[in-house]
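Worksheet for the structure shown next.
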Amino acid sequence: MHEESRRAKLARLEELGVDPWGGRFDGHQAIGAIRALEETIESSPGEEGKPPNEQGPQVRAAGRVVLQRKAGKLIFADIRDWTGQIQLLIGRKQVGDDSWAVAECVDLGDIIGVDGELKHTRTGELTIFVEKLHYLTKSIEPPPEKHKGLTNPELRQRMRYLDLVYGDGVVDRFLDRTKIVSAIRNSLTSSGFVEIEGPTLHSIAGGAAARPFTTHHNALDIPLFMRIALELHLKRLLVGGIERVFELGRVYRNEGISPRHNPEFTMLEVYQAYGDYRSMMDLTEQLISAALAAIGREGPIEWGDKQIDFSTPFARRTYDELFAEHTGVEANDSAGVARLAEKLDIEVAGRHPDVIKNEVFEELVEDKLDGPVFVIDYPASICPLTKRSRQNSDVAERFELFVAGMEIANAYTELNDPDLQEELFRTQLAGQRDEDSMAKMDHDFIRALRNGMPPAGGLGIGIDRLVMLLTGSQSIRDVILFPLLRPESS
RNA sequence: GAGGCUGUAGCUCAGUCGGCAGAGCAACGGACUUUUAAUCCGUAGGUCUUGGGUUCGAGUCCCAACAGCCUCACCA
């Protein structure tokens, strides 16, 4: 077994009086920063036919050994940290017999620290000429294949730590995710929004239409649900006078898994008193622009075979307009819509016309919206939390932002009429199943509205999908560090 | 939940018509003080995902289970 030889070296290190598990290692420089010191190397002409003499800075680095070439009493090794990779040269004569014995215990995957001079080898490779070697941690497991790394998607997800070390661009992708989230948070904060933490255990799983995960509180002996949305508690805070408020948090939906769905995902919801859905469009553009700037992306972004241009302002098109454009049937032609639905095997009998129309929209229109495009003015009847347009009460002041056929954001002018809200919670649209409806009666929420919620705009952004788009990732599992997998059977 | 594809050494992958289980990397032993996907010589490494079945004989064919990926369903 591979483990045996590694354990033998572990024992050998202990014999040599070296702790194979290392300890505090102060003052090391990031490899990326060390590489940037290349220009400080001073060079004087060497003797006839010899390379120039170099004098480089003294550096201290730490990293994982990812390549190793043993050439007799010389070892070339490449170590990698999260900022880059650099070659080491360890010579028996240069480090002395004792350190050489330690160096001989180095396996691929081990973590070591070095002190040495930064200069070039004869072949011109930037290299740390090691003077002192520090063992920082032994790896008992062999690393993945050195050319291709881990390619099996299951192993990449289960052993994300290896994917991060050996996968091309994986660390950068997840660091980009962090930068995107920070940029969004900073942008909101600098616009006067405050971040709060709402409850994740809800007694009523409201604010969206999805099946919740259920759990139970022992002491109170009550059923509880993991939240499926952030909405209703944030709106309670509007009632409480927190005029600009947001939460960036995990929500849980007990639904299928796909390249665009993970049972837990990250949602941003923002509420702005005295705003409306149009203010939310401006805010959406602001946040996405800030995210792009944070990861240094300019110009169109490649996503699969699509080119996405995030220059602002994004297109704004009405729901009905897009419906007619992509289906060839006018949105208000309910007979025509019904015929279309039947052709698509969408059930028609006993169902609300807007529910049917929306299913047709999802089927025929959404995929084609490469965007970014704000789809505005949804049928009011499918929007129970949204204020109706003053000009046309059949239309809700709502937009969804579509990019590459994916819904990225959803925003409303928030409904703040408690009586209408209560009525809409009560009205189950004909033909809709309970779990398909977001009209779930929440008396406490109604009571909050009865105390006066200021008119407001609200916005939700699916952070994982946004990160997918901005990092060119085709699967949500590529932007979630530990996506849900079935546990391994032992 | 349905269908398709995949599962072989630690990793990446071959394995033809059903006839001795293969390679590269990694590992181990040896040579090498300027290599860089180091090179050269040698060695070792397998419950072919699991369980059944067909067959003289199964990694290969059939059935089932398990896991992953994809498509669909589900999912504003």
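All values derive from a computational prediction rather than experimental measurement. Labels below follow one simple rule: chain letters A, B, ... track the order of the sequence lines, proteins then strands, and each chain is numbered from 1. Only heavy atoms go into these numbers, but all of them, side chains included; no hydrogens, no water, no symmetry mates.
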Whichever of A:Asn152 and A:Arg92 has its nearest RNA chain B nucleotide further upstream toward 5': A:Asn152
RNA chain B: 5'-proximal contact among A:Leu485 and A:Thr151 (nearest heavy atom): A:Thr151
Presence of A:Arg477 side-chain N/O under 4.0 Å of B:C69 phosphate oxygens OP1/OP2: yes
OP1 or OP2 of B:C69 under 4.0 Å from side-chain N/O of A:Gln157: yes
Nearest-Å distance for atom pair [atom1]/[atom2], residues [X] and [N]:
X        : N     : atom1 : atom2 : value
A:Leu155 : B:U6  : CG    : C1'   : 13 Å
A:Lys9   : B:A26 : NZ    : P     : 12 Å
A:Leu74  : B:A31 : CG    : P     : 15 Å
A:Leu150 : B:G68 : CG    : C1'   : 14 Å

Under 3.5 Å donor-acceptor pair, A:Glu125 side-chain atoms to B:U35 base atoms: no
hbond_proxy A:Arg69 side chain to B:U35 base (donor-acceptor, 3.5 Å cutoff): yes
Parallel, tilted or perpendicular: rings of A:Tyr252 and A:Phe213 (30°, 60°): perpendicular
Matching residue for A:Asp110 among A:Lys138, A:Arg80, A:Lys9, A:Arg64 - test: salt bridge (charged side-chain N to carboxylate O under 4.0 Å, His left out): A:Lys138
For A:Glu325, side-chain hydrogen bond (donor to acceptor under 3.5 Å, both in side chains) partners two or more places apart: A:Arg317
Test: A:Arg398 cationic atom under 6.0 Å from A:Tyr412 six-membered ring centre, within 45° of axis: no
Between B:C69 and B:C28 - C1' atom distance, rounded Å: 36 Å
Inter-nucleotide P distance (B:G1, B:A44), Å rounded: 48 Å
Derivation and outcome, ring-ring contact (aromatic ring centres under 6.0 Å, His included), residues A:Tyr271 and A:Phe246: CA-CA 6 Å; A:Tyr271 293 85; A:Phe246 73 98; over 10 Å; no
Counting only side-chain heavy atoms from C-beta out, which of [options] sits nearest to [X]?
X        : options             : value
A:Thr121 : B:U35, B:C11, B:A26 : B:U35
A:Gln94  : B:G10, B:C69, B:U33 : B:U33
A:Glu255 : B:U35, B:C74, B:A26 : B:C74
A:Leu108 : B:U35, B:A27, B:A67 : B:A27

Where RNA chain B forms stems, i.e. three or more consecutive Watson-Crick or G-U pairs with both distances under 3.5 Å: B:1-7 with B:66-72, B:10-13 with B:22-25, B:27-31 with B:39-43, B:49-53 with B:61-65
Check against ring-ring contact (aromatic ring centres under 6.0 Å, His included), A:Phe374 and A:Phe399: CA-CA 6 Å; A:Phe374 290 117; A:Phe399 76 74; 4.7 Å; yes
Pairs meeting criterion salt bridge (charged side-chain N to carboxylate O under 4.0 Å, His left out) with involvement of residues 91-102 of chain A, two or more places apart: A:Arg92-A:Asp97
